[in-house]
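For reference, the structure discussed in these notes is given below.
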Amino acid sequence: MSTAPRPGIAGTGALALVAALVAMWPYTGVIAPGAWTFVVVAVIVVVALSGMAGRALFRRVREGIRSLLTLLVQLIALALTLTGLLASETAEFGVMPTAAGIELTGLRLQRAVEEISNGVAPIDATVSMTTAMGLAFTLVALLVDHLLAQRLVVLTVLFTSIVGAVPMLVTFGSTNLAWFVLQAVLILVVLRFGARHDRDATRHSPYVAASVIGASAIAVTLFLTPALPLTAPGGGSGTLMTVSADLRLGDDLRRPNEREALTLVTSAAAPPYLRLATLSRFDGEIWRPDRSDRNPVEDGFGARPWRDPIDTVEQEVSIKVVGVSSSRLPVPYAAEEISGLPRGWQAMPLNRTVISSTQDAAGADYTVQTATPAPSLEQIRATSAGGAEIVPASDDSLPDVIGDLAREVTADARTDYDRLLALQDWFRSEFAYSLDAPVEDGFDGTGADAVAKFLDVRSGYCIHFAGAFALMAQSLDMPVRIVVGYLPGTSTDQKRGDSRVYSVTSDKLHSWPEVHFRGIGWVPFEPTATLGTPTDFVSEAGSGGGDDPDSPTASPSPTAAPSSSSTSGPDRSDEDPGAGGGGELPRLDPTPVVLVAAGILFVMLLPGLGRALRRMMRISRSRRGDAMAAWREVADTMGDLRLPLRSSETARTRAQALVASRGVDAEALRMLVDAVERRSYAERATDGADLSSALTRVIADLETSVSRGRRVLAWLLPASLLRR
């Protein structure tokens, strides 16, 4: 039996190091830059170097024991390294682990789990996250190192691919195309490494076929995939836009290509704002999503938070997501029931939003029943802001200008509602909307310092208006939160029954503040200059407060709620396409489906194309009298057709068996066998006569001797490409 060369110690360690680093790369897109990258790289390097040292030290020991001893060396090196990098303050001599260090690490891991559960990408590079990533990639690097040492290359490929794809899967982030290409190259290298050290492999590797298949797969990934105009499942056009529950909307708003995000149908006079998430926890730098109990969305959202004297506007809104990828579902406020969703979506009763850890909003088609409080101007003025369990930002963490300006702007107002209206009017009249000013002046965020800069520059976009309004309201002791979602859509020429179809585009991404009033609930405000509809409730007398010098002019609030009567929902029955000006939501564009299907078909045919190319080359060589090329093609054809092959049989013995059992042309086989024997045993081997006709006759007879199913299988999955 032939033996394969044992893999070199340095080569195995170097390949494991590179594979772990490639798997780490996608995490740089979901975790902010920080010390964690140094720690992870250090861990990967220590695993590789200590693995090389252990295998060199115990190279004369039996393989199983050598692996265990090498693992022990790696664990000792890692314990010292991790302690020195992450818990040196509790360590003996700065590197020796102690019980206090282990306890500290456990606490940090608990904190990291909480940060991951409640955070949004990119997650802050805290000490806890650094600890979690260091320990996680300790396991990753160890597994990759030992899998490669045992030549378990398929498991190595699967493991590194899964680890690298996790950040894109859990965050619904955009595809890291460069990583996929690099991972494809790494897979080819790892598989080649396994083939070279496979003791069951023969000495000749199918370089041509492997090169053609590998290069074609990478080319498809690099050139074809980005060109596919993929749509959201169920309809629409254009690529999916990823939206997460954070306030980093600047990059999304500055995207040059506007695309349709969703469509909605409502019979109301105006389409509603749609929300993805609410953020009420402010740590001085970032507003974070609410923490809330969850229940299956089919169980509803619980009781209404407002009192009976408050009028209620009930509506039905049908929504179809066509260009958004998100783990959160766009819904109007305040959702009460949602129909048409698959299992896996969860309701958050605290803020009446919808979230899922397993589903994607892309392609969702659902109907939301809403009930919105519509207090009169007198009712909301008689109510104070409060009644919500919101932890305000510490006054010590806020620049003085925030509270000073809030008190100055609201000095003449007598009620909480009037104070908030004064803030809203001040922002809308004294500030300018701009996507460029925050970037140019370096305050593109919602931290306290960024808000102070925005109040000075007086130019920014929605997150700056919402963040400044929220902190100023908090300085006045009002419970406030920020909502991330979409502005109302624009009307289209389509109708469904009597209801208008509205289109919401990607540039409608928006954020706005909400303040909680006792007995009423959360009331939205719209401080962003030139955008949306400013909040303004109607007087009971129907004058909009026009007789009162302190009252504003009546206009719809951001929830489209102020209305004296409820509205009926849209007609969801099937409509005649020719009636009522159209009536169907956008249909699925078949082009992406066709292109994707063609791409899948091309990938499926790649092995057969590679095998056909190699056959053509061998037939060409046999035409010049190359007997060995012709005979290798006979053997590979037998392997593809799943015919028995024995390495011990001679060419003449194999030919006799094929004539007897498969009915192959005896004369054609005789020509090939004679040429092989002359090539093998003649003193001066030279190429002989043209063998291509005999070779093609033998191939045809072999294929005829098996069933059609075997012939198809031989084309789709040629075994000779894997047999060396």
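The figures that follow rest on heavy atoms only: side chains count, while hydrogens, waters and symmetry mates do not.
Between the side chains of Gln346 and Ser356, no donor N or O sits under 3.5 Å from an acceptor N or O.
A distance of 9.0 Å separates CZ in Phe301 from CG in Asn351, rounded to the nearest 0.5 Å. To the nearest 0.5 angstrom, Leu276 atom CG is 7.5 Å from Leu509 atom CG. To the nearest 0.5 Å, atom CG of residue Leu143 and atom CG of residue Leu139 are 6.5 Å apart. Between atom CZ of residue Phe465 and atom NE2 of residue His510 there is a gap of 10.0 Å, rounded to the nearest 0.5 Å. Of the inter-residue distances, the one linking Leu274 atom CG with Lys508 atom NZ reads 12.0 Å to the nearest 0.5 angstrom. To the nearest 0.5 Å, atom CD of residue Gln74 and atom CG of residue Leu69 are 11.5 Å apart.
Side-chain contact between Thr528 and Phe431 is absent, with no heavy atoms from C-beta onward closer than 4.5 Å. For the pair Val41/Leu21, a side-chain contact is recorded, criterion being any heavy-atom separation below 4.5 Å from C-beta on. Two residues are said to be in side-chain contact when any heavy atoms from C-beta on lie closer than 4.5 Å; Thr278 and Pro289 fail this criterion. Here the side chains of Phe38 and Thr130 are not in contact, with every heavy-atom distance at 4.5 Å or above. Residues Phe427 and Arg458 are not in side-chain contact: their nearest non-hydrogen atoms beyond the backbone lie 4.5 Å or more apart. Side chains of His146 and Leu71 form a contact here, defined as non-hydrogen atoms less than 4.5 Å apart. Between Pro513 and Pro524, the closest side-chain pair of non-hydrogen atoms is not below 4.5 Å.
A cation-pi contact, defined as under 6.0 Å to the ring centre and within 45° of the axis, links Arg481 to Trp522.
The backbone N or O of Leu78 lies less than 3.5 Å from no partner atom in the side chain of Thr81, so there is not a single donor-acceptor pair. Remark: the backbone N or O of Met129 is paired with a side-chain donor or acceptor of Thr126 at under 3.5 angstrom. Here the side chain of Thr28 pairs a donor or acceptor atom with the backbone of Trp25 at under 3.5 angstrom. Ser50 places a side-chain N or O within donor-acceptor distance of the main-chain N or O of Val47, the cut-off being under 3.5 Å. Tyr27 places a side-chain N or O within donor-acceptor distance of the main-chain N or O of Val163, the cut-off being under 3.5 Å.
Under 4.0 Å is where a charged nitrogen must lie from a carboxylate oxygen, and between Glu514 and Arg275 at least one such pair does.
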Exercise. Just do the side-chain contact (heavy atoms from CB on, under 4.5 Å) check on His464 and Val451 with the steps written out, would you?
Key: CA-CA 7 Å; His464 303 98; Val451 167; over 6 Å; no
Self-check item: From CA spacing to verdict: side chain to side chain donor-acceptor pair (under 3.5 Å), Ser161, Gln183
Solution: CA-CA 7 Å; Ser161 299; Gln183 179 69 3; 3.0 Å; yes
Quiz prompt | From CA spacing to verdict: side-chain contact (heavy atoms from CB on, under 4.5 Å), Met472, Leu455 | solution = CA-CA 11 Å; Met472 293 175 78; Leu455 293 174; 4.2 Å; yes
Practice problem: Take Leu75 and Leu142 through the test side-chain contact (heavy atoms from CB on, under 4.5 Å) and record every step on the way to the result. | Solution: CA-CA 9 Å; Leu75 291 176; Leu142 282 173; 4.0 Å; yes
Exercise. Begin with the C-alpha distance, continue with both residues' side-chain angles, and end with the deciding distance and a verdict on side-chain contact (heavy atoms from CB on, under 4.5 Å) for Arg328 and Val354.
Key: CA-CA 6 Å; Arg328 295 174 181 265; Val354 182; over 6 Å; no
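Closest non-hydrogen pair, Ala470 versus Trp287, comes out as CB-CZ2, 3.7 Å. The shortest non-hydrogen separation linking Leu82 to Leu135 is CD1-CD2, 3.7 Å. Of all heavy-atom pairs between Leu262 and Val321, the closest is CB-CA, 3.9 Å. The nearest pair of heavy atoms linking Ser434 to Ser459 is CB-OG, 3.2 Å. Closest approach of Gln359 to Pro342, counting heavy atoms only: OE1-CG, 3.9 Å. Counting all heavy atoms, side chain and backbone alike, Ser511 lies closest to Ile482 at CB-CG2, 4.2 Å.
Here the two rings, on Trp512 and Tyr273, have centers that are under 6.0 Å apart.
Exactly one residue among Thr353, Ile355, Leu341, Val368 makes a side chain to side chain contact (heavy atoms under 4.5 Å, CB included) with Leu329. That residue is Leu341.
For the salt bridge (Lys or Arg N to Asp or Glu O under 4.0 Å) test, residues two or more places apart in sequence or in another chain that qualify with Arg55 are Asp145.
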